[in-house]
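This report concerns only the one structure given below.
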Protein chains: 2
Amino acid sequence: MNRRSIIRLSKYKNTLQRLKAMGFVKVFSDNLADALGIRSTQVRKDFSQFKITGNKRGGYIIDELLEKILRILGKTSIQRVVLVGIGNIGRALLHYKGFENEGIEIDSAFDINPDKQTGRDDISVYPMEQLVGYIQKEKIEVAVIAVPDIAAQRVFDLLLQAGIKGVLNFAPIRLRGPEQIPVTNVNLVLEIENLFCFVNAKKEE
Amino acid sequence: MNRRSIIRLSKYKNTLQRLKAMGFVKVFSDNLADALGIRSTQVRKDFSQFKITGNKRGGYIIDELLEKILRILGKTSIQRVVLVGIGNIGRALLHYKGFENEGIEIDSAFDINPDKQTGRDDISVYPMEQLVGYIQKEKIEVAVIAVPDIAAQRVFDLLLQAGIKGVLNFAPIRLRGPEQIPVTNVNLVLEIENLFCFVNAKKEE
DNA sequence: TAGATTGTTAATCGATTAACAATC
DNA sequence: TAGATTGTTAATCGATTAACAATC
């Protein structure tokens, strides 16, 4: 149950949904491997880990496979997240179309300045003081931190206090907290720096 | 020269810049390890790979170390990127403060609709037809793809045609192209799905 | 010097892949 | 059946870490 295999599971899901839309009924581990650019043994190993079985000789029935994967990914019901921080990144997320197709819903947004607008009628903005209470009352499990880096740790502490279960962090700092709470960091500067480094390294070769 | 060690190099750089600002002169591999939450052997191994040496017993002089790392990361001059696609993500990037501190500059933006505004006086918008010519004329090496997923591959093909050296891709698809051109994918939906999966897995334990 | 830290070698660990038996 | 594909075991590969000699 490592992070990489779960990410692949998500990719299998996307591929399967597309194949299904195209009218396909069965799929082989070799097809999925090609789609993801990996080996078929990897696909079967992944399935094996998650106790997903197919039919010897017959591959996998897309509908059955998809259902199993969706169950594992917990996508059977809508997944609600709160957004903390309505800056550039936060606003982009609010208008990002990709979430709803995948059953992800930004439930509400929080900012130190609650007069900020989300630009969406269906998402309210609350002041930071209500963050902890709201999460507890609404049983929100995942939060997105999109505040400036100096505020990020304080927000994270509040989220922990509220009993959050997972965090997606856009602030370019390492959040400190208990190990069992997964934090995924998205650091755009780092990604671009990384690219330049590769480009430079290639040039010198 | 693997991706992970380069990402760590970037993190060392951030830590060193902060230490320097605080007036420190020397640093030990143990300090850097603590800051990143890794082992000191990992730090020294990284340095060793990049031919960075310190002083036995004396640690590393921050100024010297920083200079070496910046040279490796190619951060001695401003790094220019072009942005393709002025949607939610693109607009967030245009206003993202984190880039300039790190010597990254969005040089110009491209969109099928060149009437779109960047909201910044210093960044012009050009129509897609000028993308290839501009990149070649201005010798741009890195591009950011922030267009809808159906357009992403076409944009990538144009960028390749223009001779781009690296791409940061926000479209949730796998771009197909030559292996030697590094493509970094940022897939926000995948990241959030991933978190939920962990959260669900924890619940079942 | 004695103590502390670097730099490197060897061991460990985890993930991927090859090989192949099981079986439809 | 013969051929093809699954599921699993063993081998490989790469990255991390432990151990430790070198040395300031």
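Chain identifiers are assigned alphabetically (A, B, ...) following the order of the sequence lines, protein sequences preceding nucleic acid strands; residue numbering begins at 1 within each chain.
Note on A/R4: a side-chain N or O is less than 4.0 Å away from OP1 or OP2 of C/dT16. When the side-chain nitrogen and oxygen atoms of B/S48 are compared with OP1 and OP2 of C/dG7, none of them lie within a distance under 4.0 Å. Regarding contacts with the backbone of C/dA18, every side-chain N or O of A/T41 stays at 4.0 angstrom or more from both OP1 and OP2. B/R57 has no side-chain polar atom (N or O) that falls below the 4.0 Å cut-off from OP1 or OP2 of C/dT6. At the phosphate of C/dT16, OP1 or OP2 sits under 4.0 Å from a side-chain N or O atom of A/R8. The shortest distance between the side-chain N/O atoms of A/R39 and the OP1/OP2 oxygens of C/dT16 is not below 4.0 Å.
When heavy atoms are screened at a 4.0 angstrom cut-off, B/S5 is found touching no nucleic acid atom at all. At a threshold of 4.0 angstrom between heavy atoms, the contacts of B/F47 with the nucleic acid are absent. Among the protein residues, A/S40 comes within range of no part of the nucleic acid, since none of its heavy atoms lies under 4.0 Å from any strand. Contact annotation for A/S29: backbone-only contact, meaning every heavy-atom pair under 4.0 Å involves sugar-phosphate atoms and none involves a base. Counting any heavy atom pair closer than 4.0 Å across all strands shown, B/G54 reaches sugar-phosphate atoms only and no base atom. Within the nucleic acid shown, B/G59 comes within 4.0 Å of sugar-phosphate atoms alone, with no base atom in reach, counting heavy atoms only.
Atom-to-atom, CG of A/D30 to P of D/dA4 comes out at 12 Å; the value is rounded to the nearest Å. Atom pair A/I7:CD1 and C/dT16:P shows a separation of 11 Å (rounding to whole Å applied). One atom, CZ of B/R44, and another, C1' of D/dT23, lie 14 Å apart when rounded to the nearest Å. To the nearest angstrom, P of C/dT6 lies 16 Å from NZ of B/K45. Look at CG on A/N31: it is 14 Å from C1' on D/dT6, rounded to the nearest Å. D/dC24 atom C1' lies 11 Å from atom NZ of B/K26, rounded to whole Å. As rounded to whole Å, 16 Å separates atom P of D/dG14 from atom CD1 of B/I6. Rounded to whole Å, the distance from CZ on A/F28 to P on D/dG3 is 17 Å.
Each of B/I38 and A/V27 was assigned the nucleotide of DNA chain D with the nearest heavy atom; the assignment lying further toward the 5' end belongs to A/V27. Nearer to the 5' terminus of DNA chain C, by closest-nucleotide assignment, is the contact made by A/R3 (compared with the other of A/N55 and A/R3).
Figure legend. D/dC24 is base-paired to C/dG3; pairs are counted as Watson-Crick or G-U wobble with both atom distances under 3.5 Å. Applying the Watson-Crick and G-U wobble criteria (two distances, each under 3.5 Å), D/dA19 pairs with C/dT8.
A cation-pi contact, defined as under 6.0 Å to the ring centre and within 45° of the axis, links B/R3 to A/F198.
Counting heavy atoms from C-beta on, the side chains of A/V142 and A/Q79 never come closer than 4.5 Å. Considering only heavy atoms from C-beta on, A/V81 comes within 4.5 Å of B/F196 through its side chain.
In this model, a donor atom of one side chain and an acceptor atom of the other lie less than 3.5 Å apart for A/Q153 and A/D157.
Put simply, the side chain of B/K56 and the base of D/dT23 share no donor and acceptor less than 3.5 Å apart.
Distances from the side chain of A/Q42 to the nucleotides C/dT16, D/dG7, D/dC20 place C/dT16 closest.
Formation of a donor-acceptor pair under 3.5 Å by the A/T15 side chain with backbone atoms of A/K11 is found in this model.
Ring geometry for A/F110 against A/Y126 counts as tilted: the plane angle lies between 30° and 60°, on a 0 to 90° scale.
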